[in-house]
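Working notes, structure below.
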Amino acid sequence: MDAKRSSVPAKLLHWYDANARILPWRARPCEAADPYRVWLSEVMLQQTTVAAVTPRFREWTARWPTIDALAAATDAEIMAAWAGLGYYARARNLVKAARAVAHDHGGRFPATEAGLRALPGLGAYTAAAVAAIAFGERAVVVDANVERVVARLFAIDTPLPAARPAIRAAADTITPDVRAGDFAQAMMDLGATICTPRRPRCLLCPLREDCRAFAAGDPERLPVKAAKKARPQRHGTIFWLERPVDIPSPTSPGVSARARQSSHHPGLVPGSTVPQTRQPEPMRVGGCRDEPGMTALVSREDQAREIWLVRRPPRGLLGGMRALPTGPWVEAAPALDDAPADTEWRVLPETVAHGFTHFDLTLALAVGRGVPHGEGEWWPLADLEAAGLPTLFAKAARAVMESDR
DNA sequence: AATACGTGGAA
DNA sequence: TTTCCAAGTAT
């Protein structure tokens with residue numbers, strides 16, 4: 001190891017001492033880190049930006065300040081509190097890990113990388129990060145920031161993900177025995193603020209002289225990534241089922257499509273393939289119009305309204321989350337398959353588009369009143385915010401309420 | 001090894 | 001508008 005390279009951690013830690021970001025989950029200098037907060041922040045930050053996590057972390061720790069408090073919460077509370085953050089397996093694993101720590105480890109997190117790695121939701125990165133940041137263990141912490149910094153520093157131009165072993169080995173060579181947590185966070189701060197994916201600020205970089213990609217003149221080229229696949233388009237139907245209570249209802253008859261399970265319909269593209277009567281006049285209700293938020297769309301007349309919510313299956317897409325009922329999400333045009341009630345469905349002219357990681361979804365909105373079959377719960381429309389719907393369904397709810405006025 | 005798994009902000 | 005990407009994990 002030449003002298004230049006061995007000085008990388010010292011230079012980086014020196015830079016970090018002057019430039020560390022102030023973040024709510026970070027301990028102050030010379031203050032012990034709280035493993036619960038470190039773990040929670042690391043899980044929230046998986047594939048999620050600091051900007052998105054910051055307010056959610058504050059709310060979460062105000063509500064559940066300790067691992068024991070979190071372990072005592074119900075699944076429904078925790079899943080709802082995670083709503084909007086995405087990658088809901090994180091919340092499902094969070095519950096399991098919290099209860100494992102509370103019940104099997106006496107309320108203390110395992111203090112080693114290997115012990116942490118055994119908890120649900122802690123993979124190679126998170127276990128190393130918590131071990132280093134919360135417990136000071138020397139661990140090789142490699143996230144996307146570190147991958148980028150190291151790929152540039154060592155000019156590793158093998159495409160990801162094949163480059164991972166080489167990157168990890170290189171990261172190992174610069175990881176110090178002391179201040180392991182600071183070093184990990186310094187690498188991530190450097191990646192987030194200086195060694196950025198595009199237009200890296202090399203002139204501000206404390207490692208500029210050590211960086212082979214900078215020397216070669218094109219740091220932005222690294223790391224090389226494999227090409228991405230196109231995302232297929234899928235279609236589906238969201239069912240907005242209201243309880244048949246005594247409130248003024250639209251007089252128009254709506255679309256005479258009767259839903260049956262496993263039946264086949266020609267498709268529901270509004271205004272085209274479904275035999276429709278004239279588009280029904282939207283029901284008009286009061287309420288202020290200057291606020292786009294969901295709550296503002298709920299008028300006094302809406303106070304009595306309730307909609308039917310279900311819970312998604314415990315695994316898979318949006319697994320375990322409260323949701324609006326939907327039919328299957330398929331390549332074909334939407335239909336009324338799997339409707340939650342046998343009633344007349346009025347298909348709105350609006351659709352909801354939503355992009356997932358691996359496919360794009362366009363959803364038709366079917367509105368009806370009736371008696372549901374299957375599991376679910378009636379939820380007061382005025383309190384829909386508290387249901388903790390994933391963004392897709394929050395969008396759909398907003399679209400229905402805006403269409404209805 | 002490759003794929004499933006969310007979302008919102010920046011360029 | 002579209003594309004890229006963010007403190008990844010599980011299978």
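Order of the sequence lines sets the chain letters (A, B, ...), proteins ahead of strands, with each chain counted from 1.
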*List in chain and number order the residues that pass side chain to side chain donor-acceptor pair (under 3.5 Å) with A:Asp157, two or more places apart in sequence or in another chain; answer none if no residue qualifies.*
none
_Validation row, ring centre A:Phe356 to ring centre A:His354 under 6.0 Å_ =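 Between A:His354 and A:Phe356, which both carry aromatic rings, the centre distance is below 6.0 Å.
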Would you measure the distance from the [atom1] atom in [N] across to the matching atom in [M] and give it in whole Å?
N	M	atom1	result
B:dC5	C:dA6	C1'	15 Å
B:dG8	C:dT1	C1'	16 Å
C:dT9	B:dG9	C1'	23 Å
B:dG6	C:dC5	C1'	13 Å

_Partners passing salt bridge (Lys or Arg N to Asp or Glu O under 4.0 Å) against A:Arg322 (at least two apart in sequence or in another chain)_ =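 By the salt bridge (Lys or Arg N to Asp or Glu O under 4.0 Å) rule, A:Arg322 matches A:Glu377.
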Within the pair [X] and [N], is there a side-chain N or O less than 4.0 Å away from OP1 or OP2?
X	N	value
A:His358	B:dC5	yes
A:His354	B:dG6	no
A:Lys229	B:dT3	yes

*Who pairs with A:Pro223 by side chain to side chain contact (heavy atoms under 4.5 Å, CB included), at least two apart in sequence or on another chain?*
A:Arg148, A:Ala151, A:Leu160, A:Lys225
For [X] and [N], what is the distance between atoms [atom1] and [atom2] respectively, to the nearest whole Å?
X	N	atom1	atom2	value
A:Phe393	B:dG6	CZ	P	11 Å
A:Met321	B:dC5	CE	P	15 Å
A:Met44	B:dG8	CE	P	15 Å
A:Leu94	B:dG6	CG	P	15 Å

*What does nucleotides 2-11 of chain C look like as a protein-contact string, B for base, S for sugar-phosphate only, - for none, at under 4.0 angstrom between heavy atoms?*
---SBBBSS-
*Quick one: label A:Pro161 by what it contacts on the DNA or RNA (base, sugar-phosphate, nothing), any heavy atom closer than 4.0 Å.*
nothing
*Which part of the nucleic acid, if any, lies within contact of A:Leu318, taking any heavy atom under 4.0 Å across all strands shown: a base, the sugar-phosphate backbone alone, or nothing?*
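Answer is sugar-phosphate: A:Leu318 comes under 4.0 Å of backbone atoms only.
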*Under 4.0 Å between a Lys/Arg side-chain N and an Asp/Glu carboxylate O for A:Arg179 and A:Asp17?*
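Yes, A:Arg179 and A:Asp17 are salt-bridged.
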_For A:Trp25, ring-ring contact (aromatic ring centres under 6.0 Å, His included) partners two or more places apart_ =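 For A:Trp25, the residues satisfying ring-ring contact (aromatic ring centres under 6.0 Å, His included) (neighbours in sequence not counted) are A:Phe57.
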*Sequence neighbours excluded, which residues qualify as ring-ring contact (aromatic ring centres under 6.0 Å, His included) partners of A:Phe109?*
A:Trp39
*With DNA chain B as reference, determine whether A:Ala51 or A:Arg92 sits nearer its 5' end, using the nearest nucleotide of each.*
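Comparing both residues, the 5'-ward one is A:Arg92.
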